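Structure record follows, encoded as structure tokens.
Both backbone and side-chain heavy atoms feed into the values below; hydrogens, waters and symmetry mates do not. Not measured: the values here are computed from a predicted model. For this chain, numbers begin at 1 and follow the sequence in order.
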Amino acid sequence: MIFHYLLAFLLFVLGENFIVDGLGCNWGTRATHPLPGNIVVKLMKDNGFNKVKLFEADPRALQALGRSGIQVMVGIPNDMLAPLAASVSAAEEWVSKNVSYYLSNKGVDIRYVAVGNEPFLKTYNNKFTHTAFPALQNVQAALIKAGLGRDVKATIPLNADVYETDAGVPSGGNFRADIHDLMISIVKFLDNNGAPFTVNIYPFLSLYADPHFPVEYAFFDGTSSPVVDGSITYTNVFDANYDTLVSALEKNGFPSMPIIIGEVGWPTDGDPNAKMEFARRFNQGLLNRISQGQGTPKRPSPPDIYLFSLIDEDAKSIDPGNFERHWGVFYFDGTIKYPLNLGKNRNLTAAKGVQYLARQWCIMAPDANLMDPNLPQSISFACTYADCTSLGYGSSCGGLDARNNASYAFNMYYQTMNQQKGACDQFHGLSIITKIDPAYRDSSCKYEIMIDTGRHEKATNPGTSSAGKMHTTFVFVSFLLALIIFCVS
């Protein structure tokens with residue numbers, strides 16, 4: 001009888017602390033007021049993310065991930081590819097500092113190293129074409145020398161533009177002609193080292209790039225006319241894109257090459273198609289497929305998927321478009337944007353323990369004249385140093401009148417400057433500080449109050465950390481397993 005009680009209790013503990021396999025996310029850190037690492041890790045665990053991809057070896061992020069039970073893919077930025085390609089010793093130093101150290105000393109469960117990020121994008125004009133593969137080779141050699149070759153694999157997250165189809169259907173897939181031989185060399189190297197092919201697929205970008213792209217074809221539950229490829233019918237662009245890659249791999253002798261989706265998601269602002277309704281629809285469809293174990297017509301089992309992204313980044317480059325700062329499932333502070341059913345009766349859980357600056361805003365003064373010649377340059381100044389992407393056409397704050405448009409810009413600058421004394425006095429006497437939220441009640445436009453990063457940095461974490469709790473749980477579960485085995489025997 002005691003065996004049954006112990007087993008039931010063990011299953012309860014496991015159910016509380018271990019999560020569904022295969023659900024990953026990207027954690028970007030390009031933010032003026034980053035959410036503290038320990039809160040981000042707790043946010044991931046509370047929402048069932050057991051894998052995370054970092055775009056660089058951020059010390060605070062890696063420190064927070066120690067003993068968390070979350071598997072990590074740590075990235076190397078493109079601007080580091082040249083030195084790593086030129087020197088094996090540079091790769092060995094990087095691995096020692098950013099992989100071996102965190103594995104051995106901090107208990108970070110690093111599984112992959114992402115060498116560069118989409119280095120063969122056509123828009124880069126071959127800037128990284130000659131350094132990405134040598135860097136990959138040197139990093140893998142460094143991992144092997146460090147004794148990590150079996151447990152940590154090096155890969156290159158690639159954009160879906162590295163393959164194409166002249167036939168217009170997935171079965172015609174092959175690698176892009178200008179980098180075909182290079183891609184075959186990379187795939188062969190990955191295959192020889194037991195590493196996966198990592199690809200980023202963005203149905204949103206298909207819609208963004210082509211005004212004639214059928215909107216419904218971007219979604220998993222779309223109702224647009226399907227694409228028929230022989231005996232296979234494709235009802236959404238994700239499946240068609242993925243299977244175009246599978247065809248390219250098959251065509252070149254790698255039919256069983258494992259694939260990871262390094263990035264996939266939908267932004268919520270910064271473009272008319274970047275809106276909550278579409279983001280929720282796309283990401284819910286994606287999560288439903290993961291929970292149901294559904295893959296694509298050519299690969300019925302789903303790959304590991306890293307959702308892009310966990311949280312918004314207000315300092316991310318907007319060269320591709322204003323939407324780049326709004327990919328998060330959560331806002332910058334870990335609050336929920338829209339509901340998602342994560343499966344097994346789990347819904348999204350917001351971040352806990354976030355501390356904010358004072359509840360006050362900088363707005364255009366009620367008596368300020370809209371015709372003041374200093375107003376345009378004041379708004380331009382504010383938006384040069386703060387994120388005003390929500391003011392763009394088709395965005396959440398794009399419908400504001402002139403006065404509220406200025407207020408939004410002034411406040412974003414004020415908040416980005418940590419509400420410092422004098423920060424609201426930069427606009428030629430056109431602004432004042434208010435303690436009344438200027439946001440419209442029925443509007444999706446938010447006048448932000450930033451995270452108080454100073455208070456978080458000073459704060460201590462009493463009691464056991466989430467990572468410590470995870471370690472304690474592991475030890476306790478191990479004890480229960482041993483006790484069950486003893487009882488059975």
## Note on the structure
OH of Y102 to CD1 of I110, rounded to nearest 0.5 Å, is 8.5 Å
### Query
So, the side chain of D191 versus the backbone of V187: is there a donor-acceptor pair under 3.5 Å, distance only?
no
### Task
Applying side-chain contact (heavy atoms from CB on, under 4.5 Å) between K188 and each of L190, N192, I186, report the one that passes.
N192
#### Entry: No-hydrogen, no-angle side-chain donor-acceptor test under 3.5 Å, N174 and N252
yes
### Task
I would like to know whether F330 and I336 meet side-chain contact (heavy atoms from CB on, under 4.5 Å); could you show each step before the answer?
CA-CA 5 Å; F330 297 92; I336 297 170; 3.8 Å; yes
#### Entry: Heavy-atom closest contact (H33 atom, T453 atom, distance)
CA-CG2, 3.9 Å
### Message
Can you tell me how far apart CH2 (W27) and CG (L35) are? Round to the nearest 0.5 Å.
### Response
8.5 Å
### Task
Would you mind telling me which of R289, R281, R280 makes a salt bridge (Lys or Arg N to Asp or Glu O under 4.0 Å) with D221?
R281
#### Entry: Side chains of L158 and F197 in contact at under 4.5 Å (non-hydrogen atoms)
yes
### Query
Between D109 and I70, is there a donor-acceptor pair closer than 3.5 Å when you use the side chain of the first and the backbone of the second?
no
#### Entry: Backbone N/O of P36 and side chain of R60: donor-acceptor pair under 3.5 Å
no
### Task
Would you sort out whether V227 and Y217 count as a side-chain contact (heavy atoms from CB on, under 4.5 Å), showing the intermediate values?
CA-CA 9 Å; V227 171; Y217 196 55; 3.3 Å; yes
#### Entry: Flag side-chain contact, heavy atom, 4.5 Å: S100 against V95
yes
### Task
State, with a plain yes or no, whether a side-chain heavy atom of I232 is found less than 4.5 Å away from one of K298.
yes
#### Entry: Test item: Y393 and P272 side chains (from C-beta on) under 4.5 Å apart, heavy atoms
yes
### Summary
For N47 and L23 the tightest heavy-atom approach is O-CD2, 4.3 Å
### Query
Which pair of heavy atoms, one from F282 and one from G265, lies closest together, and at what distance?
CE2-O, 3.8 Å
## Note on the structure
Which of W327, Y306, Y202 passes side chain to side chain donor-acceptor pair (under 3.5 Å) with E263? Answer is Y202
### Task
State plainly whether the residues R111 and D304 are in salt-bridge range, i.e. N to O under 4.0 Å.
no
### Message
Take a 6.0 Å sphere around CD of E93 and say whether it holds more than 12 heavy atoms from other residues, nucleotides or ligands.
### Response
no
### Query
Does atom NZ of K127 have more than 12 heavy-atom neighbours, drawn from other residues, nucleotides or ligands, at distances under 6.0 Å?
no
### Message
With heavy-atom distances below 4.5 Å as the criterion, would you say the side chains of F175 and D181 are in contact?
### Response
no
#### Entry: Residues T198 and T155: side-chain donor-acceptor under 3.5 angstrom
yes
### Task
Can you measure from CZ (R346) to CG (N341) and round to the nearest 0.5 angstrom?
9.0 Å
### D161 side-chain N/O to K122 backbone N/O, donor-acceptor pair under 3.5 Å
yes
### Task
Check the side chains of D271 and H326 for a donor-acceptor pair under 3.5 angstrom, ignoring hydrogens and angles.
no
### Task
Go through the steps for V354 and H456 under the test side-chain contact (heavy atoms from CB on, under 4.5 Å), then give the verdict.
CA-CA 8 Å; V354 182; H456 279 291; 4.3 Å; yes
### Query
Can you find a heavy atom in the side chain of K106 that is under 4.5 Å from one in the side chain of L62?
no
### Message
With a 3.5 Å distance limit and no angle check, can you tell me whether Q355 reaches the backbone of D452 through a side-chain donor-acceptor pair?
### Response
no
### Task
Find out whether T29 and P34 are in side-chain contact, i.e. whether some heavy atom of one side chain is under 4.5 Å from a heavy atom of the other.
no
### Message
Using 0.5 Å steps for rounding, measure from the OG1 atom of T268 to the NZ atom of K337.
### Response
2.5 Å
### Message
Using only atom types and a distance under 3.5 Å, with no angle test, would you say the side chain of N236 pairs donor to acceptor with the backbone of D239?
### Response
yes
### Query
Roughly how far, to the nearest 0.5 Å, is the CG atom of N159 from the CD atom of E118?
4.0 Å
### Query
Any cation-pi pair here, K446 with Y331, using under 6.0 Å and within 45°?
yes
### Task
Verify whether the ring centers belonging to F204 and F323 lie closer than 6.0 Å.
yes
## Note on the structure
Of all heavy-atom pairs linking P214 and S224, the shortest is CB-CB, 4.4 Å
### Query
Given the side-chain rings of F128 and F120, with only the six-membered ring counted for Trp, is the space between their centroids under 6.0 Å?
no
### Task
List the atom of N78, the atom of G116, and the distance in Å for their closest heavy-atom pair.
OD1-CA, 3.2 Å
### Residues forming a ring-ring contact (aromatic ring centres under 6.0 Å, His included) with F219, sequence neighbours excluded
W266, F278
### Query
Are the side chain of T244 and the backbone N or O of G173 linked by a donor-acceptor pair below 3.5 Å?
no
#### Entry: Ionic contact status for D387 with R325, cut-off 4.0 Å
yes
### Task
Could you pull out the closest heavy-atom pair between I39 and A351, with the gap in Å?
CG2-CB, 3.8 Å
### Message
If you count heavy atoms of other groups shown closer than 6.0 angstrom to OH of Y385, is the number above 12?
### Response
no
### Task
Take D314 and E448 through the side-chain contact (heavy atoms from CB on, under 4.5 Å) test and state the conclusion after the steps.
CA-CA 12 Å; D314 69 336; E448 305 288 6; over 6 Å; no
### Query
Would you say the side-chain atoms of S395 pair up with the backbone N or O of L391, donor to acceptor, closer than 3.5 Å?
no
#### Entry: Side-chain donor/acceptor of K53 to backbone N/O of G24, under 3.5 Å
no
### Message
Using modelled atom types and a 3.5 Å cut-off, is there a donor and acceptor pairing between side-chain atoms of D269 and backbone atoms of S390?
### Response
no
### Message
Within the structure provided, determine whether P320 and Y208 are in side-chain contact (heavy-atom separation under 4.5 Å).
### Response
no
### Summary
Separation between CD (E313) and CZ (F55), nearest 0.5 Å, reads 7.0 Å
#### Entry: More than 12 heavy atoms from other groups under 6.0 Å of CG on D166
no
